[in-house]
Amino acid sequence: MNPRQRRAATAAVLAALVLAGCAPAVQNGATVSLAVVPAPASVAPGTGAPFRLTGDTAVAGDADASAALSLLITARTGLELKTSDDGSTDLRVESGGAPESYRIVADEASVTVVGADPAGLFYGVQTLGQLVQPDDDGWIVPAVEIEDAPRFAYRGVMLDVARHFHPVDTVKGLIDRAAGLKFNALHLHLTDDQGWRIHLDERPRLTELASATAVGGDPGGFYTKDDYREIVEYAASRHMIVVPELDMPSHTHAIGLAYPELVEEPVISAQVREDAELFDGDLPETGKPYDGMAVGFSSLRIHDEATYDFVADVFGELAAMTPGPYLHFGGDEALGTTDEDFALFVSRTSAIIADLGKTPVAWHEAGEASEIADSTVGQYWGYVQPTDGADEKARGFVRNGAQLIMSPADAIYLDMNYPTGPDLGLTWANGPTSVERAYDWDPGSVVSGIEEDDILGVEAPLWTETIRTAADIDTMVFPRIAAAAEAGWSPATGTSDLRTWESFRERVGALGPLWTSLGIGFHPSDEIPWVTE
Ligand code: TNX
């Protein structure tokens, strides 16, 4: 970066801090950026000199956190941190604080990160990685005190591996990227009309006969049990759980390729016809792989006991493979199923999952079913301003005493097209979706009549009808995932000067160099004042 660019970037950051109502952090005459995303609960810029990172900087304390910090610092600066028992960077866990919380104190002499638990320490390290920045003499961490804890316990990102299959390495890449923004759940949408992507010994024909294809005739694929274990373990090492979804009773055409006796004939509505026309015109046909993009035409046989043997087999095996507490059974868009049949399926399937000792999760439609297992968490995918009674369905889960995950489609569906950008993604949820719209909502104000405690958290889904590669994923996910991170982690919109679009866009812009150094191919949205170095 030449001096003129550097001045411009510095001015942008200064403006952000002023606009955000914070004192501009001027240290030793230089303006520094405290561009942390998601916004911490409390940031107090120091006035003293910054901590200077050099080839002699040593890190002491927790081994996992030290390794995570070293990776970040090396990616960002090229410097290799030394490890020593009395390093000037000290990383440790001291129990007592809120789950996942941490504190950072940085001054000229040292940087200390204290986590209330290993996850908190990991998040403190992620924040510290964002604070590292260049000055004229090298690399610094500005003098600062940060106290931080999440607003919501559940902060998820979803990857649809059914419409297009994505290999283990791509999933690991998404885990790394999401963990860096303090997400703690990876929801894998493992099955849909287009394919079944997880091998289960109880029902081996699913991957033998129903996994080979994907949308557009692209090749399919599936995870072996070892692959799945690898994903679960990798996620755990980044403090994330895996929430596996087997979508039912609709989105089940692929099951019919393996077990034809379990599924109904496709219901070809006018909408299915229209969606098929928009794509390649092919309608779903029993016994043939489906590679189109229509939804809601398939169903399991709801009055057949063999269906519930199947449900018990697949969720039973999945429960044993999944250390996290949640199993997602879908329940969305059962458009060819009567309300009565849908309710029956939801009540039996949620009970099977609850009996396995797991917490069922379902898309919000299932909240209409009066006999759903009480513990079932609802995932709301309606709009920020609810339409078509979506909010009422979501309130059903709360009336049962369970909680909601907020995934408003017109805000944080990561598969919506950008206003300007690549020709990727869909538009049905009021798309294209700008970064500002992804940011400009609050989880507490979507479904009326519920309390803050009724919200388990926030999840940003990436459906993959049009998303084929890891590069496509990066483009659609970044930067909008940062908005979802802030909705899930940071204090409510408007409660802090940092929780404004103006502050957010400046802070995200300042992360551009870090993201680039981590290999993240973000969409260079023109809504964001990207800092370049
Ligand atoms: C709706 S939202 C779906 C998915 C599609 C997605 C595309 C929801 C629970 N279901 O089946 O892939 O739209 O944006």
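Counting convention: from 1, in listed order, for ligands and their atoms alike. Because the structure is predicted, anything quoted here is derived from the model rather than measured. Here, residue 1 is the first one in the sequence, and each next residue gets the next number.
- No side-chain donor-acceptor contact under 3.5 Å links R197 to the backbone of D192.
- Here is the list of ligand 1 atoms found below 4.0 Å of a heavy atom in M416: 14 (O).
- Geometrically, ligand 1 and W363 share no nitrogen or oxygen pair separated by less than 3.5 Å.
- Each of the atoms 7 (C), 14 (O) of ligand 1 lies under 4.0 Å from some heavy atom of D415.
- By the 3.5 Å distance cut-off applied to N or O atoms, E333 is counted among the residues near ligand 1.
- Of the polar atoms of E465, at least one N or O is found under 3.5 Å from an N or O of ligand 1, judged by distance alone.
- Side-chain N/O atoms of R229 and Y223 include no donor and acceptor closer than 3.5 Å.
- With distances taken over non-hydrogen atoms, the option nearest atom 8 (C) of ligand 1 out of D332, T427, L414 is D332.
- Using a 4.0 Å cutoff on heavy atoms, Q379 does not count as a contact of ligand 1.
- Remark: R301 is not positioned above the aromatic ring of F310, lacking an NZ or CZ atom under 6.0 angstrom from the ring centre and at most 45 degrees off the axis.
- Under the 4.0 angstrom criterion for non-hydrogen atoms, M293 is not in contact with ligand 1.
- Contact atoms of ligand 1 toward L426: 7 (C), 14 (O) (distance under 4.0 Å to a heavy atom of the residue).
- Taking the six-membered ring for Trp and thresholds of 30 and 60 degrees, W501 and Y439 have ring planes inclined between 30 and 60 degrees apart.
- For ligand 1 and R163, the ligand atoms under 4.0 Å from any heavy atom of the residue are 4 (C), 5 (C), 11 (O), 12 (O).
- For atom 6 (C) of ligand 1, the candidate residues are W381, Y380, W463; the nearest heavy-atom contact is made by W463.
- Between the side chain of R507 and the backbone N or O of V36 there is at least one donor-acceptor pair closer than 3.5 Å.
- Taking 4.5 Å as the limit, some side-chain heavy atom of L188 sits within range of a side-chain heavy atom of L159.
- Between the S407 side chain and the E459 main chain, a donor and an acceptor come within less than 3.5 Å of each other.
- Taking any N or O of Y413, backbone or side chain, none lies under 3.5 Å from an N or O belonging to ligand 1.
- Tested against W463, the residues H164, H189, H187 include a single ring-ring contact (aromatic ring centres under 6.0 Å, His included) partner, H189.
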